[in-house]
Amino acid sequence: MTAAPTTPTIPTTTRAAVINGYGGPEVLVAAEVELPASTETQVLVDVAAVTVNPVDLTTREGVAIPEEDARFPMVLGWDVAGTVLATGAAVTGLCVGDRVAGMVFQPIEQRGTYAKYVNLDAGLLAEVPDELTLYQAATVPLVGLTASGLLEEAATGGVKTLLVTGALGAVGRHVVALAARAGLEVIGAAALDRANDLRALGASVTVGRNDFTGAVRERYPHGVDAAIDLVGGASSHAAFGLVRDGGRYVTAVPPYVDGTGRFEPGRNISPSVYQVSPDTDRLNTLLAQAAQGLLSTSIEYTYPLDEAADAHRRQAAGGLRGRVVLLP
């Protein structure tokens, strides 16, 4: 006698790491929170891994979302990878048991992915290739989409040489790898003792991260075609100054994070601040590239959800060669 198929129990609450106000890592605490019922276009995801990103830290500190707009308790997190536990009636293309990864724009709903279960629009999710673990897949969405979008904005109009600051950060590594694969001559600014790491990613030229103006100017006296800044502050101004007249300059550092002031258009260069957005088609491509080993999915530290505060402390300490990942 064949047993009848079982219907998964749909949770109404979830364990999550939340903040009830802004502050240091200590404000990030574990709690049981309500899990709203999914809509007909959503899927319920049993979360396997969530990557900690710098934007999570600035959000926790109250830099990214003004306090008057904050809704507490707030769940942080943009990246997610897990398994589909249930699907809404209108969902096509995803089934229970599918392995998926995606990115949410946390500031909108302020209900991010630091949780055991999340309801997400099916359109935000891409299937994870068999060659990747869910832990690895969780490292791809935000940084991959950011890197790909930055490169698309910067590498237009005959750009052949590209300066990248913060080239060994999580986004920077992807920018360098994607740009090199696209045939650009990449100048990576990073710690000099890690020049070999940059070359392994495909960088043609490596320069120091703190004072690179002279080295770049000597090699490119007329300036580079484009620059992507991932640091802000003095590095951003230096990178802008090294772009040739009429070149391209794009940054991922929002003005509210970089207190050195906005750039004014000059020398026929219009500075652009890139804001990432979900793009499932692009994410599918990025996951495929990660599965082929073309993009780094290195994980350096993992923490259980209840230790999210410690994960934030490690992320803030810097010096990472891989990602910090929460395991709900």
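The first residue in the sequence is number 1, and the count goes up from there.
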With a sphere of 6.0 Å drawn around CD of Glu67, does it hold more than 12 non-hydrogen atoms of other residues, nucleotides or ligands? no
Going by the side-chain hydrogen bond (donor to acceptor under 3.5 Å, both in side chains) test, name the single residue among Thr14, Asp46, Thr13 that passes it with Lys116. Asp46
Between Val47 and Thr83, is any pair of side-chain heavy atoms under 4.5 Å apart? no
Side chains of Val84 and Leu44: does their closest heavy-atom pair fall under 4.5 Å? no
Please tell me whether Asn119 and Arg111 have a donor and an acceptor in their side chains that are separated by less than 3.5 angstrom. no
Check whether any side-chain heavy atom of Leu242 lies under 4.5 Å from a side-chain heavy atom of Leu163, and answer yes or no. yes
So do Leu327 and Leu305 actually touch side chain to side chain, heavy atoms under 4.5 Å? no
cation_pi(Arg267, Phe240) dist<6.0 Å, angle<=45: yes
With a 4.5 Å heavy-atom cut-off, do Leu76 and Arg60 have their side chains touching? yes
Answer whether the closest heavy-atom distance between the side chains of Val43 and Asp98 falls below 4.5 Å. no
Strictly by modelled atom types, are Glu152 and Tyr274 linked by a side-chain donor-acceptor pair under 3.5 Å? no
Have Tyr114 and Asp56 got a donor and an acceptor in their side chains that come within less than 3.5 Å? yes
